[in-house]
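Below, chains carry the letters A, B, ... as their sequence lines are ordered, and counting in each starts from 1.
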Amino acid sequence: MKRWMANPIVRETVRIVAAVGLALLLGFIITLFVSEDPLNAYRSFLLGPLTRLNRIGDWLEESITLIFLGLATAIVFKAELFSLGAEGQMVLGALTAGVVSLYVPLPPALRLPLALLAAMVVGFLWGAIPGILKANLNANELVSSLMLNTIALKIYEWLLTFYIKPPNAGYTASDFFPKEGVLPNFFPPIPGLEGVRQTLVNQTNLTIMLYIMLAAIFVVYFLMYRTPFGYELRMVGINLKFARYGGVDIKKVIILAMAVSGIFAGLAGAHLAMGIHTKLILNITFGLGFEGVVVALLARNNPLAVPFTGLAYGYLRAGADVMERASDMSREMVLVIQAIIILLVTAERVLPMVQKRIAASRSNGEGAAAAAEGGSHAA
Amino acid sequence: MPLDVVLRGIFSALFAASVLRISTPVILPALGGLISDLAGSINIALEGTMLVSAFTGVVVSAYTQSVWLGLLAGILAGVALSALLAFFHLSMNTNIILAGIALNIMATGGTIFLLYILTGDKGNSSSLASGAVPVINIPLLKDIPFFGTVLSGHSIFTYLAFLLTWLVSVFLYKTRLGVHLRAVGENPEAAASLGINVKKVRAIALLLSGFLASLGGLNLSMAYLNIFQRDMTSGRGFIALAAIYLGGRKPLGTLIAAIIFGLADALGNQLGSLKIPSQLVQMIPYVATIVALVVYALRTQAQVRERMHKFQQREAEIAAKASGD
């Protein structure tokens, strides 16, 4: 193998780009078979999100949710904890952020931070539950987090249907949040540029959540790589027994990892409620929690890579929307592409197998020396 | 609606029958999930497997006009999806949870995508004339009041669910393969050291779980309803996983747990008319599952402690004997 392939970052990038490329190719082949106008359909899929300002906005808004969820998932997965609880934490985050936005009579300068803080706290607490169950009782975190997802969803539906929904509304949704409870546009009101700001406000829902997201990326990076907790978290992920032997308080790490992860899922929920929808609706999360898993996975749980995979994944989803509107292809084709990407990226044996083939074809000519070298490596 | 009408509705034979009918598409995948879970390979893809089978069954039965071919194709499709899961998990070293998530996404997207191509509709398959599995009326039993209504007149799947609970139990506890399977789940290294082929056993377990999940899916689209709807499994694959743990990872327990989930669902529907929030009723089994997880974990801890205690006692006895000699 060439030397640059030995660099893990290069290797991972090559691998992910190859996986995405292959999946997109398969998607194109499917389109060729199905669509009347495959070129147009695929062009709108691949380029569509960039063609209009509001589409760029849609793409970035969705990406913000995905990046928060990716960060949340990266934290637990880094500790090798297979919690899928982001969905539930996000639902409750949306609920609390929405309730504060709707009912707490404070000016925006206080109401908005309070709403965000409330969403973070609820995410933290809801995330701590499976953590406590896992740490103290070794209860399967996958099952308990899935249960808590449904419980959170039922709480959300119950409160929305019976208390938050205006009694005379024909559909299950809250009122729109008052102006004081909606996050302001990301573009600051700079004198002289009011026109630009107004266009952005009209066309997109891109809010100051963008900056909170950027801050969150660095907070998670700092937490993971520059704090003792982050060190312990990674150690638990690499080898639990070794970490315990080394004196790491495993229980504390597990509970904190799950709870801290909930903070970011809670923020994703706040973004959905206060940024995108500006009211509480049924199915507000729409199963996005699982998509966060994919974002973290493609980023190999590296918080600095999460924004890139989140943007890429959000782009696929936004492209699917445009394609559906612009052609005879349905957006669900993209789900198939997504699944193929996940399988190709997570299959740990694919790349080594390709490497082995290449090595084998080379060593045919080079003979025993290479074999001996391989042997000494193995030893 | 007044209370007594609702109560009469709940304590009726029809209600009991509806609980069985609602429980069936949870019992079947739960039994499948139990097998793979006991082998140490948790099958998150139950949901997607059900969906693919439900879809394939409807489409094939519509185009061949044969219910049996539809069922066969549905089962094959479900088993094929599980084979894919087994391939990625066992041969490609993919984490089984991530592979399961991928297959669920693929099943959701793929079924809607194909449904749209075949019917031009993304919602359901009502334009396809698909087959339905006949209902079985049990002679003699059907004429007995109450019990006849509760136990007779269900689809084959409901009876199969109970029969399969027994068969799975026999398989797990009375056959050689079943014992191997549980050993692999309990301690794969130890099982391998005894010459058991861990991967082969897990592959068999995953294929069996796919088979059972596909029956659950077919039950939804060819008996419970007679059409395919997008996302018609609506989380039943995950409820099935919960039922396994609520049932203490035993076949009979899983069956009962799945029925409890069905009961909560049916009760939620009934109590909706009483202004009791159905969401709260439907939440109960999920909370119960978490409680069951805790109880199960506490019991396991107690067992470990007891075993350790016994071991220490025996050590002490041996030491005492040695010093006596």
Hey, what do you get for OG1 (A:T161) to CD (B:Q279), rounding to the nearest 0.5 Å? 4.5 Å
Heavy-atom cut-off 4.5 Å, strictly under: side chain, backbone, both or neither for A:I151 against chain B? both
So for A:Q338, is it side chain, backbone, both, or neither that comes closer than 4.5 Å to the heavy atoms of chain B? side chain
Residue, of B:A297, B:A99, B:A102, that accumulates the most heavy atom pairs under 4.5 Å with chain A: B:A102
Counting heavy-atom pairs under 4.5 Å with chain A, the top scorer among B:L84, B:T111, B:I97 is B:I97
Side-chain heavy atoms of B:L103 within contact of A:L343, under 4.5 Å: yes
So A:L146 and B:Y286, do their side chains get closer than 4.5 Å, heavy atoms only? no
Flag the one option from B:L241, B:V287, B:I44, B:L98 with the top tally of heavy-atom pairs under 4.5 Å to chain A. B:L98
Side chain from CB out, backbone as N, CA, C, O: work out which of these in B:I42 comes under 4.5 Å of a heavy atom of chain A, or both, or neither. side chain
Against chain B, label A:I30 side chain, backbone, both or neither, depending on which of its atoms sit under 4.5 Å from a heavy atom there. side chain
What part of A:I337 gets within 4.5 angstrom of chain B, counting heavy atoms only: side chain, backbone, both, or neither? neither
To the nearest 0.5 Å, what is the distance between CG (A:N140) and CZ (B:R249)? 8.5 Å
Engaged part of A:L297 at the chain B interface, taking heavy atoms whose separation is under 4.5 Å: side chain
Select one option (side chain, backbone, both, neither) describing which atoms of A:N136 are under 4.5 Å from chain B's heavy atoms. backbone
Applying a strict 4.5 Å limit to non-hydrogen atoms, the region of A:F33 in contact with chain B is neither
Is A:L153 in contact with chain B via its backbone, its side chain, both, or neither, using a 4.5 Å heavy-atom distance? neither
